[in-house]
Amino acid sequence: MRLIGMMDSPYVRRVAVSLKMMGVEFTHDQLSVFRHFDAFAAINPVVKAPTLVTGAGVVLMDSTLILEHVERLAPPDRRLTPEDLAVHARSQHLIGLALAACEKAVQIVYERELRPEDKRHQPWIERVTGQLAAATGLLETAVGSSGGGWLTGDRPMQADVTVAVVWRFIQHMLADTVPAARFPALSAFSARAEALPEFASSPLE
C-alpha cells in the first residue's frame, strides 16, 4: 500500500501513525497538494490528502474512510477500534471532537495563509475560532478525566492517535490562538503520545 501526502497534514499523519500501530506495511510518498499538484493528480485526480492506494490499486481518500478499511486488514489484537459498545461510543465522541477541532484549525490556517488580508471576513473567523475553543475545551476535560492513562483502554487506540495528532498540529500552527498553558491535560497527554515510536517516526514536518 502507498500513503500519499505530507506529514504537515494532521490527516496524513493520523493515517501514518495508525498504520504503524496496527502493524500494516506501507510506503509513503511525500507529495504536497500545493507544490506537487500534477504528480499528486496523476495518482488521485481529486488531489486530496491523505490518499491511500491499496495493494490492488484502489484509490482511497479521507482519513476516516482509509482507517475504516485498514482496520479490516490488521490483526485483531492490533486494531484501534474498541469492541465494547460503550467504549466505542466514548471513542467516537473523542474522535469527533478532535476532528472538529482539526477542521476548524485548518480553516483558520487557510484563512491566514491563503486569503488576502483585505478579503478576510472577521465574523466568520471569530465563529470558527469559537468552535475550535469549544472543541479543545471539551477535549481538555475529557483527557483530564482519564487520570493520565490512555483514553479508551490500557493501550493507545484510535481516539488517542487522533487527539494527539490534532493537538500537535494545533500547537504547531495556532499556538497563539490555543495557548498550551491553558490546556495542561492535553499538553501532558500529547507529550506522552509523541514519545511513542510510531509518533516519533512520523514527525510533523
Side-chain angles (χ1 to χ4, degrees), residues 1 3-28 30 49-52 60-84 87-106 132 135-136 138-173 178 180 183 185-205:
M1 293 194 300
L3 175 63
I4 318 297
M6 302 292 291
M7 287 294 185
D8 61 0
S9 162
Y11 302 107
V12 174
R13 191 171 185 234
R14 177 191 184 210
V15 171
V17 172
S18 298
L19 289 173
K20 291 177 181 180
M21 285 195 161
M22 286 189 278
V24 176
E25 294 186 5
F26 68 101
T27 60
H28 181 205
Q30 298 195 59
T51 286
L52 186 80
L60 307 177
M61 58 189 125
D62 185 282
S63 65
T64 295
L65 298 179
I66 290 169
L67 292 173
E68 182 180 340
H69 174 72
V70 173
E71 285 273 344
R72 297 169 179 261
L73 305 177
D77 62 339
R78 299 288 294 273
R79 292 172 186 164
L80 303 179
T81 300
E83 290 289 339
D84 180 84
V87 180
H88 183 267
R90 172 173 167 77
S91 174
Q92 296 297 84
H93 171 70
L94 294 168
I95 292 169
L97 286 174
L99 291 178
C102 192
E103 175 187 285
K104 301 308 168 185
V106 169
L132 174 59
T136 51
L138 289 168
L139 283 173
E140 172 71 9
T141 299
V143 171
S145 68
S146 68
W150 299 116
L151 300 177
T152 59
D154 57 4
R155 66 180 177 92
M157 301 286 276
Q158 187 53 239
D160 303 280
V161 173
T162 304
V163 171
V165 165
V166 168
W167 181 249
R168 178 74 182 88
F169 173 76
I170 289 171
Q171 287 305 296
H172 181 67
M173 300 300 298
V178 186
F183 300 88
L186 273 169
S187 297
F189 174 80
S190 172
R192 184 182 179 201
E194 293 288 345
L196 296 172
E198 294 88 353
F199 281 82
S201 63
S202 308
L204 187 155
E205 299 170 350

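Nothing here was measured: the structure is a model prediction, and the numbers come from that model.
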Donor-acceptor list for residues 95-103 side chains, cut-off 3.5 Å, not counting sequence neighbours:
none

For Phe183, which residues count as a ring pair (Phe, Tyr, Trp, His ring centres under 6.0 Å) partner, sequence neighbours excluded?
->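 For Phe183 the ring pair (Phe, Tyr, Trp, His ring centres under 6.0 Å) partners, ignoring immediate neighbours, are Trp167.
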
Are Glu140 and Phe189 side-chain neighbours, meaning at least one heavy-atom pair lies under 4.5 Å?
->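 A side-chain contact under 4.5 Å is absent here.
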
Partners of Glu194 by salt bridge (Lys or Arg N to Asp or Glu O under 4.0 Å), sequence neighbours excluded?
->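 Expected list: Arg13.
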
If you look at every heavy atom in [X] and [Y], which pair is closest and at what distance?
X	Y	value
Leu186	Thr136	CD1-O, 3.8 Å
Pro75	Met22	CD-O, 3.7 Å
Tyr11	Pro50	CB-CD, 3.6 Å
Arg90	Ala142	NH2-O, 3.7 Å
Ser63	Val15	CB-CG2, 3.7 Å

How many angstroms lie between atom [atom1] of [X] and atom [atom2] of [Y], to the nearest 0.5 angstrom?
X	Y	atom1	atom2	result
Leu204	Asp8	CG	CG	6.5 Å
Leu3	Thr27	CG	OG1	8.0 Å
Asp62	Leu52	CG	CG	12.0 Å
Leu67	Leu60	CG	CG	10.5 Å
Leu80	Leu19	CG	CG	9.5 Å
Met1	Leu73	CE	CG	5.5 Å

Can any side-chain N or O of Arg78 pair as donor or acceptor with the backbone N or O of Val24 at less than 3.5 Å?
->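 Checked: no pair found.
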
Ignoring hydrogens and angles, write down the donor-acceptor pairs under 3.5 Å from the side chains of residues 150-164, residues two or more places apart or on other chains.
residue : atom : partner : partner atom : Å
Arg155  : NH1  : Arg79   : O            : 3.4
Arg155  : NH2  : Asp77   : O            : 3.4
Arg155  : NH2  : Arg79   : O            : 2.6
Gln158  : OE1  : Arg14   : NE           : 3.3
Gln158  : OE1  : Thr162  : OG1          : 2.7
Gln158  : NE2  : Ser18   : OG           : 3.0
Asp160  : OD1  : Leu151  : N            : 2.8
Asp160  : OD2  : Met157  : N            : 2.7
Thr162  : OG1  : Arg14   : NE           : 2.9
Thr162  : OG1  : Gln158  : O            : 3.0

Just jot down the side chain to side chain contact (heavy atoms under 4.5 Å, CB included) partners of Gln30, sequence neighbours excluded, or say none.
->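 Gln30 satisfies side chain to side chain contact (heavy atoms under 4.5 Å, CB included) with Met6, His28, Glu205 only.
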
side-chain hydrogen bond (donor to acceptor under 3.5 Å, both in side chains) with Ser202: which residues, sequence neighbours excluded?
->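 For Ser202 the side-chain hydrogen bond (donor to acceptor under 3.5 Å, both in side chains) partners, ignoring immediate neighbours, are Lys20.
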
